[in-house]
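Take a look at the structure set out below.
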Amino acid sequence: MPELPEVETIVRGLRRAIVGKTIARASVYLKKIAVTPRGVSFEEALAGDAVLSVIRRGKYAVLRLASGRALVVGLRMTGRLVVLGRRQEKPAYTHVEILFTDGKRLAFADVRQFGRVRLVQPGEPWDAALGVEPLSKSFTPEAFIGMLSGRTTPVKVFLLDQRRIAGVGNIYACEALWEAGIRPGTPAKRLTGAAVRRLHRALVEVLRRAVGMRGSSIDDYVDARGLKGGFQNVLSVYGRTGKNCRRCGDSIVRTVIAQRGTWWCRTCQK
DNA sequence: CCGCCGCCCTGCTTGC
DNA sequence: TGCAAGCAGGGCGGCG
């Protein structure tokens, strides 16, 4: 499940590998994965364009092209974005492949076919609905307090809402709530100022640490070079049903909040 | 504006 | 042991 740290790791890898390269050809093996404006053919539109830069926005990897357009890649749950050498075999379930003029290739693979590679036009506000970047300066404790005030939504559901904060998924929402000692089901408006400040700090810290460890490989996440991350080894609650809480030793429980598995410690999180 | 529901998919887990 | 059914999950469109 690629979230902010995983996508950031992929983006850093892509930056080193494909910035400056010119696209020779694009191939789409499964139509619905490659999304374009009406009447535009993905393959025809991309040939000859070049990669200017690669950035991350929320859980999306964005390849900015010389033409002013961009390729916005949403990996969803099982999407992979991998750079391949000239003769390297493409991963299973590769749906979109981009060949560069120097022979290197970029493959988008996705078992479940939920991910998308979208070609957006210059100036198209594709990310208008995305909220604040949690690792940016504008995500302050005060801003966070304002966002949560008056909301009845369980705090965990709020953390997962990409319209508020962009990039947090199930893993890091669970981890941050454990770190801050807050129950996932607590209505947002019930949190004290002190609790919101703890959560803010925990969220930023957990995300930073996970970026530093190149993300979590829970299911099948790998970076642009096909390498696994390291944060799955130091998770405190996510996926640790029945295991001991690293803080108090009590056993971690799994409950369901908003149709999503939620892991937490009944003793540490109040 | 907000929140909830169902859908998209396939591999893995569960239960008989 | 084998097989079918159930489940998981991020984002989005539809609906109230």
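Numbers restart at 1 for each chain; the letters A, B, ... are given by sequence-line order, proteins then strands. What you see is a predicted model, and the numbers here were worked out from it, not measured in a lab.
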**Message:** Could you work out, with side-chain hydrogen bond (donor to acceptor under 3.5 Å, both in side chains) as the rule, every residue matching Arg266(A), not counting sequence neighbours?
**Reply:** none
**Complete:** Residues in residues 223-231 of chain A with a heavy atom under 4.0 Å of DNA chain C, by number, are none
**Prompt:** Is there a side-chain contact between Leu4(A) and Pro134(A) (heavy atoms, below 4.5 Å)?
**Reply:** yes
**Touch class at under 4.0 angstrom, heavy-atom based, for Thr153(A) against every strand present** = sugar-phosphate
**Fill in**
Tracing side-chain contacts under 4.5 Å among Ile, Leu, Val, Met, Phe, Trp and Tyr outward from Val62(A) reaches Ile55(A), Tyr60(A), Val72(A), Val120(A), Trp126(A), Leu130(A)
**Qualifying ring pair (Phe, Tyr, Trp, His ring centres under 6.0 Å) pairs with a residue from residues 27-57 of chain A, counting only residues at least two apart or across chains** = none
**Request:** Return the stems involving DNA chain B, sorted by first number, where pairs are Watson-Crick (N1-N3 with N6-O4 or O6-N4) or G-U wobble (N1-O2 and O6-N3), both under 3.5 Å, and runs are 3 or more long.
**Result:** B:2-16 with C:2-16
Do any side-chain atoms of residues 222-231 of chain A form donor-acceptor pairs under 3.5 angstrom with protein atoms, and if so which ones, sequence neighbours left out?
unit_1, atom_1, unit_2, atom_2, d
Asp223(A), OD1, Arg225(A), N, 2.8
Asp223(A), OD1, Gly226(A), N, 3.0
Asp223(A), OD1, Leu227(A), N, 2.8
Asp223(A), OD2, Arg214(A), NH2, 2.2

All N/O donor-acceptor pairs, side-chain side in residues 197-210 of chain A, below 3.5 Å, sequence neighbours left out:
unit_1, atom_1, unit_2, atom_2, d
Arg197(A), NH1, Glu142(A), OE2, 3.3
Arg197(A), NH2, Glu142(A), OE2, 3.3
Arg198(A), NE, Ala180(A), O, 2.8
Arg198(A), NH2, Ala180(A), O, 3.2
His200(A), NE2, Phe139(A), O, 2.8

**Complete:** With sugar-phosphate taken as primed atoms, P, OP1 and OP2 and all else as base, the protein-contact string of nucleotides 9-16 of chain C at under 4.0 Å (heavy atoms; B, S, -) is BBBS----
**cation_pi(Arg246(A), Trp178(A)) dist<6.0 Å, angle<=45** = no
**Complete:** chain A vs DNA chain B, heavy-atom contacts under 4.0 Å, first-to-last nucleotide span, 5' to 3', is dC2(B) to dG11(B)
**Message:** Less than 4.5 Å apart, side chain to side chain, heavy atoms only: is that true for Val211(A) and Arg12(A)?
**Reply:** yes
**Fill in**
Note: with side-chain heavy atoms under 4.5 Å as the link, the other cluster members for Leu160(A) come out as none
**Request:** Would you classify Arg163(A) as touching base, sugar-phosphate or nothing, given that sugar-phosphate means primed atoms plus P, OP1 and OP2, and contacts are heavy atoms under 4.0 Å?
**Result:** nothing
**Request:** For Asp161(A) and Thr153(A), run side-chain contact (heavy atoms from CB on, under 4.5 Å): C-alpha distance rounded to whole Å, both residues' side-chain angles, the deciding distance at 0.1 Å, then the answer.
**Result:** CA-CA 10 Å; Asp161(A) 188 344; Thr153(A) 310; over 6 Å; no
**Fill in**
Sorted by chain and number, sequence neighbours left out, side-chain hydrogen bond (donor to acceptor under 3.5 Å, both in side chains) with Arg86(A) holds for none
**Prompt:** Taking only residues two or more places apart in sequence or in another chain, which ones pass side-chain hydrogen bond (donor to acceptor under 3.5 Å, both in side chains) with Lys156(A)?
**Reply:** Asn170(A), Thr262(A)
**Asked** Considering all heavy atoms of both residues, which atom of Gly79(A) and which atom of Asp110(A) are nearest to each other, and what is their separation?
**Response** N-OD1, 3.6 Å
**Asked** With a 4.0 Å cut-off on heavy atoms, is Tyr93(A) in touch with a base, just the backbone sugar-phosphate, or nothing at all?
**Response** sugar-phosphate
